[in-house]
Amino acid sequence: MGKPKVVLGVSGGIAAYKACELLRRLTESGHDVRVVPTESALHFVGAATWSALSGNPVSTEVWDSVHEVPHVRIGQAADVVIVAPATADMMAKAAHGLADDLLTNTLLTARCPVIFAPAMHTEMWEHPATQENVATLRRRGALVIEPAVGRLTGVDTGKGRFPDPVELFEVVRRVLARGDLGQDLAGRHVVVSAGGTREPLDPVRFLGNRSSGKQGYALARSAAARGARVTLVSANAALSEPAGVDVVPVGTAVQLREAVLKASADADAVVMAAAVADFRPGTYAAGKIKKKDGQEPAPIALVRNPDILAEIAGERPRPGQVVVGFAAETDDVLANGRAKLERKGCDLLVVNEVGERKTFGSEENEAVVLGADGSETPVPYGPKEALADTVWDLVTERLPRNS
Ligand SMILES: Cc1cc2nc3c(=O)[nH]c(=O)nc-3n(C[C@H](O)[C@H](O)[C@H](O)COP(=O)(O)O)c2cc1C
């Protein structure tokens, strides 16, 4: 089998320079990348850079190498097309089927998955014209990644920022691995919690846990790639923001509860992958607790934290909402998992065995997903992404049909 063929369309936004990093990652991981910039894109990054980094010729228009019919062949041959950055102008053209340069022609001839990574000022993104064009592209089956919130060109901040190129690379890798865009969560809102809560004792110390957040982030990435609108409530995870995901950072269990309850009001599914502390220190010392000569430390009195999973599963603010919990067990894994599933009242419980070297911080996981209907789905040892996919498969089966 030859190398997977990727078309990297680059339109004329300031984020074009970040697409160089995406291109590098794609070529270094064995993809054959054909960069198709627009004329405007070349104002930001020149053809020499695209050509040298990709190892392929670069043209913006249909009149070069006409004997090879590039306006048709490039799109036909592609395994995936990603337009990054996608300008407001480019999405308008794509939504209306214009074909006045090589990239727009390529978009009309591609029959493979097509991804747009828009980047622009907030006003341009929020304009009804842009939003309608995005909706049109999505309706036709393209994956349009929600831009991130953050620093834009100049001093402005807001929604419209280009996602981390490493995360865009992950989206492309995933789509190629699946062979399609698999948009079975399109039109759905899902909430995922990730990471581990930290319960402060004083301004410098906390009670925490070993959760890295990698499983929750894998769940968020997977849901976004399957077309969902994703809110990721992230507790102390030092990980890069997944592309197209709305990240809400939190610290403690109480903050996590608030953020999850707020986001789940209109959610189709809530997946609680975060490791939430059961207890927190009953008092918080406003100044750093000092050691005193000759004195033993004072015991730490703990109080219970709210049981967020049981609360969400009991309330179900949206009818038909699917609620998924995670249980990390050290022994008697399945029996404890089944008991927890019943106690919490959730639809699915992902049970995994944890220990010093198992699960926490690693890239792999092994689990059994228990269903309230008695089902048991073993997920063999493998990447956290595979477990994430299985969870969404099981969630999708349980979701009421989209009205
Ligand atoms: C400095 C500068 C930065 C720009 N950044 C963006 C941007 O981030 N997103 C966008 O949609 N348009 C941006 N534009 C406007 C586009 O370049 C303009 O709409 C152009 O016609 C797009 O052409 P294309 O879609 O064929 O690449 C920018 C323009 C300039 C001068």
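Order of listing sets the numbers, starting from 1, for every ligand and every atom in it. Being a predicted model, the structure only gives us computed values, none of them experimental.
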Legend entry - Atom indices of ligand 1, in the order listed, that fall short of 4.0 Å to a heavy atom of S11: 25 (O), 27 (O)
Legend entry - Nearest-contact summary for atom 11 (O) of ligand 1 - protein heavy atom, Å: A88 N, 2.9 Å
Inset, instruction - State which residues pass side-chain hydrogen bond (donor to acceptor under 3.5 Å, both in side chains) with R73; sequence neighbours excluded, sorted by chain then number. - result: Q76
Inset, instruction - Could you list which atoms of ligand 1 come closer than 4.0 Å to a heavy atom of T38? - result: 24 (P), 26 (O), 27 (O)
Legend entry - Close N or O approach (A119, ligand 1; < 3.5 Å): yes
Inset, instruction - Please check if a non-hydrogen protein atom sits closer than 4.0 Å to atom 31 (C) of ligand 1. - result: no
Inset, instruction - Report the C-alpha separation of V83 and I115 in whole Å, then their side-chain angles, then the decisive distance to 0.1 Å, and conclude whether the side chain to side chain contact (heavy atoms under 4.5 Å, CB included) test is met. - result: CA-CA 6 Å; V83 184; I115 304 164; over 6 Å; no
Inset, instruction - For R138 and V144, indicate whether the former's side chain and the latter's backbone hold a donor-acceptor pair under 3.5 Å. - result: yes
Inset, instruction - Could you tell me whether G12 and ligand 1 have an N or O pair separated by under 3.5 Å? - result: yes
Inset, instruction - Say whether, by atom type as modelled, one donor and one acceptor occur between the side chain of T27 and the main chain of L23 under 3.5 angstrom. - result: yes
Inset, instruction - Tell me, please: is A15 in heavy-atom contact with ligand 1, that is, under 4.0 Å? - result: no
Legend entry - Contact (N/O only, under 3.5 Å) between D89 and ligand 1: yes
Legend entry - Which residue and heavy atom of the protein sit nearest atom 6 (C) of ligand 1, plus the separation: G13 CA, 3.6 Å
Inset, instruction - Please say which of D101, D100, N105 ends up in a side-chain contact (heavy atoms from CB on, under 4.5 Å) with L103. - result: D101
Legend entry - Non-hydrogen side-chain atoms of V395 and R398 separated by less than 4.5 Å: no
Inset, instruction - For atom 29 (C) of ligand 1, grab the closest protein heavy atom and report residue, atom and distance to one decimal in Å. - result: F44 CZ, 4.2 Å
Legend entry - Check: H121 side chain, E123 main-chain N or O, donor-acceptor pair, under 3.5 Å: no
Inset, instruction - Kindly say whether N56 contributes a backbone atom to a donor-acceptor pair with the side chain of S51 at under 3.5 angstrom? - result: yes
Legend entry - For atom 10 (C) of ligand 1, the option (of D101, T87, T104) bearing the nearest heavy atom: T87
Inset, instruction - For atom 20 (C) of ligand 1, grab the closest protein heavy atom and report residue, atom and distance to one decimal in Å. - result: S40 OG, 3.6 Å
Inset, instruction - Provide, to 0.1 Å, the distance between atom 5 (N) of ligand 1 and the closest protein heavy atom, together with that atom's residue and name. - result: I14 N, 3.5 Å
Legend entry - Donor-acceptor pair, side chain of W50 and main chain of V45, under 3.5 angstrom: yes
